[in-house]
Structures are given as structure tokens and as C-alpha cells.
2 protein chains.
Amino acid sequence: MEATEHDKRKCPSHLSTGECNKQLLPVKDALDILSGKWKLQIILSLTFGKKRFRQIQREIPGLTPKMLSKELKELEINELAVRHVYDTLPVTIEYELTPYGRTLKPLIAELHKWGTKHRKRIIAGSRKKSG
Amino acid sequence: MEATEHDKRKCPSHLSTGECNKQLLPVKDALDILSGKWKLQIILSLTFGKKRFRQIQREIPGLTPKMLSKELKELEINELAVRHVYDTLPVTIEYELTPYGRTLKPLIAELHKWGTKHRKRIIAGSRKKSG
DNA sequence: TATACCGGTATACAAAAGGAAAGCGATATA
DNA sequence: TATATCGCTTTCCTTTTGTATACCGGTATA
């Protein structure tokens, strides 16, 4: 009843392969937004308040201005962060998480939850393998 | 009271920068497991039952054996999938999601939820920008 | 004048991810 | 003998991602 006789079975009968993949698009979107070497750290940095460019850079060792610039732009495009320009002399610029950006919080919390369990499991597993 | 006078503020006072980054490691783990061009599709394919190598490949247009092989290995290492070798002639091989692999479901659902809202928001936004 | 900070950009390069195509040993089919 | 299927691996190549470094115009500070 559960062996190898399901050669044609793929998706639930009401979904074509194409529809299945379509379901994955939003998942990929969410994943893309969080992916990239510095995104999470930058988002985390901004959850603690408005920050200036150099300030973020100083907080995150190894982060180059090019990368920071690029990632901040992506956050802006996705409306997760805003760039404020203050009319001082010289101009002061600050980046801030938007309320929308803060809606990522529960999602990141879920990732953290699963990731924490996974760390325990895999580390425990590798200990066992040689014991 | 919320302008530029918080130059030293970074993390909550009880967390050092190092501790903050440590909190991000499990999040990155979870992200890494789901990242990669074909992972989600492969996982999805396996949620509908055991599958043989070529079978998965046929279901996912564009997926090369090299990539499939690589991604399946990663799933195995993380104990999200198992590789069964049946003693037939020639040997038959099947891949299956583990119960542990199925624990990804709620996480993927969360990603889907957020991603769906985000799609709507960004698509609506880009319509507005030229209207 | 020289130095440093600000908010970045530009250029060149290296590393990682992914794609295209061929091939391998085995079995089956004609 | 020639062809095809299975479960992959290998090699070479392109694209994407990230790094290193220098630089820009502007202001401030010595």
C-alpha cells in the first residue's frame, strides 16, 4: 500500500505541476528577502533604532560600504526600511525599519525556533556518529 | 526624543554585538536549508510520496542530475530525507522525506504567508508608482 | 596645508552557485 | 550489435555573489 507503485503520483490530484510551483513563488520571495550574507545582521541592527550608514557599518565587522549600500537599497525597494535625509549641513542620513519591516519579526522568530532545534539535533547527531 | 542622539545604541543593553550575532546563527541555518534554487521544489515533490531519482528530475523541468544529486545529499545530511536502497536487480533507489523533514511544514507555511502578503503589497505598490 | 569623517560610488578581482554536456557500469530490449 | 533506462559523477563554463581598494565632493578640525 505504500511501496513503489506510485510512479505517476506527484502533486495532489487537484494541482498541476505548474500550480505547485506557483505556490512556491511567495515562499521564495520571503526567502530571498532574508537571504544574502548581511541582510539579517542589518535588519537586526535596525530593530534597535534608527542608524546612520557608517554606524551600521561599524557595528557589523567585515561589512563593506558597497555591500551595505546594496543591501539597504534592497530593503528600501521592499519597503522594509526607509532612508531619511535631514536638512543639516552636511546632510544627515538615517535608516529606519518601517512598521512593515517589523512584520518580519514573527517570521524570523519561526526561523529561529526551527533553526535552534536543528542545531541541537545535528550537533547531537555528529557527536553520536563517532561515539 | 527620537532623533540623532542615540549614537551608541545598538543592541539591548543585556546583549553584546557578539551575542546578537550568535542569536542569528540558527536563523541562518534554517535559511540555508531552504535556500538554493531547487530545494523547495524537491522538498515539495517528496511531500507527495517516495520518489526515485529520475522521477524527481522528470517532475522538475530544468533540474540537472548534478544539482539534484547535490541537493538530495544536503537533505540527507540534515536528516530531512532518507535514501532507501532496495535489493533488486538492478538496485532500486528511493528518496523519502523523514518525519523530521516534515517538521519544516509550518515554517514553510509561515514563509508562504508572509510572502503572499508581500507579493500583493509590492505588486500593488509598483502599479501605483506609475498611476 | 593635512587629516579625518560623512555617504556613498567605481573598478577589479575571487569565490561560490549553477548550467551543459558527456560519460560510466550495470541491466534490459530489439 | 545498437539502443535505452537507472543513478549518478566529472569536466568545463557562465553567472551571481561577495571582497578589496580606491576614490569622490563636501565639511570639520588642527
Side-chain angles (χ1 to χ4, degrees), chain A residues 3-8 21 24 28-29 31-43 45-46 50-78 81-96, chain B residues 3-8 21 24 28-29 31-43 45-46 50-78 81-96:
Chain A
T4 47
E5 65 215 11
H6 46 52
D7 246 72
K8 292 290 162 58
N21 288 330
L24 288 180
K28 285 192 180 174
D29 287 348
L31 237 28
D32 283 349
I33 276 170
L34 266 7
S35 293
K37 194 164 174 187
W38 307 99
K39 273 281 167 48
L40 281 172
Q41 284 171 87
I42 293 169
I43 291 172
S45 164
L46 291 179
K50 292 177 185 168
K51 297 275 171 73
R52 299 176 64 174
F53 192 93
R54 296 279 188 188
Q55 198 179 354
I56 301 170
Q57 206 194 327
R58 258 181 271 116
E59 280 179 25
I60 305 175
L63 176 54
T64 62
K66 181 186 165 183
M67 277 298 113
L68 178 53
S69 170
K70 190 195 138 210
E71 310 262 56
L72 284 172
K73 269 173 197 161
E74 290 175 27
L75 291 177
E76 275 188 83
I77 286 171
N78 288 303
V82 239
R83 183 178 184 266
H84 296 291
V85 182
Y86 298 107
D87 194 8
T88 55
L89 233 153
V91 289
T92 308
I93 287 162
E94 284 187 335
Y95 291 90
E96 189 184 15
Chain B
T4 47
E5 66 215 9
H6 47 52
D7 246 73
K8 293 290 163 54
N21 288 330
L24 288 180
K28 285 192 179 173
D29 287 348
L31 237 27
D32 283 349
I33 276 170
L34 266 5
S35 293
K37 196 164 173 185
W38 308 99
K39 275 278 169 52
L40 281 172
Q41 285 170 86
I42 294 169
I43 292 172
S45 163
L46 291 180
K50 292 176 185 169
K51 298 276 170 73
R52 298 177 64 174
F53 192 92
R54 297 278 189 186
Q55 198 178 355
I56 301 170
Q57 206 195 328
R58 261 180 269 117
E59 280 180 26
I60 306 176
L63 176 54
T64 61
K66 178 188 164 182
M67 278 298 115
L68 178 53
S69 170
K70 190 194 138 211
E71 310 262 58
L72 285 172
K73 269 173 197 161
E74 289 175 28
L75 291 178
E76 275 188 83
I77 286 172
N78 287 303
V82 238
R83 182 177 185 268
H84 297 290
V85 183
Y86 298 107
D87 195 8
T88 54
L89 235 155
V91 288
T92 307
I93 288 163
E94 283 187 335
Y95 292 90
E96 190 185 14

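The sequence lines fix the lettering, A, B, ..., with proteins before strands; numbering per chain opens at 1.
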Whole-Å distance, B:Leu72 CG to C:dG18 C1', equals 16 Å
Hey, which sits more toward the 5' end of DNA chain D by its nearest nucleotide, A:Gly62 or B:Lys73? B:Lys73
Taking every non-hydrogen atom, the tightest pair across A:Leu31 and B:Leu40: CD2-CD1, 3.8 Å
Using a heavy-atom cut-off of under 4.0 Å over every strand shown, decide if A:Pro90 touches base, sugar-phosphate, or nothing. sugar-phosphate
5'-most by nearest nucleotide on DNA chain C - B:Glu71 or B:Arg54: B:Glu71
Students often get this wrong, so: under 4.0 angstrom with heavy atoms, is A:Leu89 touching a base, only sugar-phosphate, or nothing? sugar-phosphate
Which distance, rounded to the nearest 0.5 Å, do you find between the CG of A:Leu68 and the CZ of A:Phe53? 4.0 Å
Heavy atoms only: give me the nearest B:Ile93-B:Arg52 pair and the separation to one decimal. O-CG, 3.3 Å
Starting at CD1 of A:Ile60, measure out to NZ of A:Lys37 and round the result to the nearest 0.5 Å. 12.0 Å
To check you understand the geometry: which heavy-atom pair defines the closest contact between A:Glu71 and A:Gly36, and what is its length? OE2-C, 4.2 Å
Shortest non-hydrogen contact from B:Lys39 to B:Ile33? CD-O, 3.5 Å
Segment of DNA chain D, first to last nucleotide, that comes within the 4.0 Å heavy-atom reach of chain A: D:dG18 to D:dA28
So if I take residues 33-43 of chain B and measure heavy-atom distances to DNA chain D, which residues fall below 4.0 Å? none
Nearest atoms (heavy-atom pairs only) where B:Leu46 meets B:Tyr95: CD2-O, 3.6 Å
Polar atom pairs between nucleotides 12-14 of chain C and protein, under 3.5 Å, N or O only, would you list them?
from: C:dA12; atom 1: N6; to: A:Lys66; atom 2: NZ; distance (Å): 3.1

In Å and rounded to the nearest 0.5 Å, what is the CD1 to CG distance from A:Ile43 to A:Leu34? 5.5 Å
Might you work through the side chain to side chain contact (heavy atoms under 4.5 Å, CB included) test for B:Lys28 and A:Gln41, ending with a clear yes or no? CA-CA 10 Å; B:Lys28 285 192 179 173; A:Gln41 284 171 87; 3.4 Å; yes
How long is the gap from CG on A:Asn78 to NZ on A:Lys73, to the nearest 0.5 Å? 14.5 Å
What's the shortest heavy-atom distance between B:Lys51 and B:Ser45, and which atoms? NZ-O, 2.8 Å
Return the value, rounded to whole Å, for the distance between atom CG of A:Asp32 and atom P of C:dA17. 15 Å
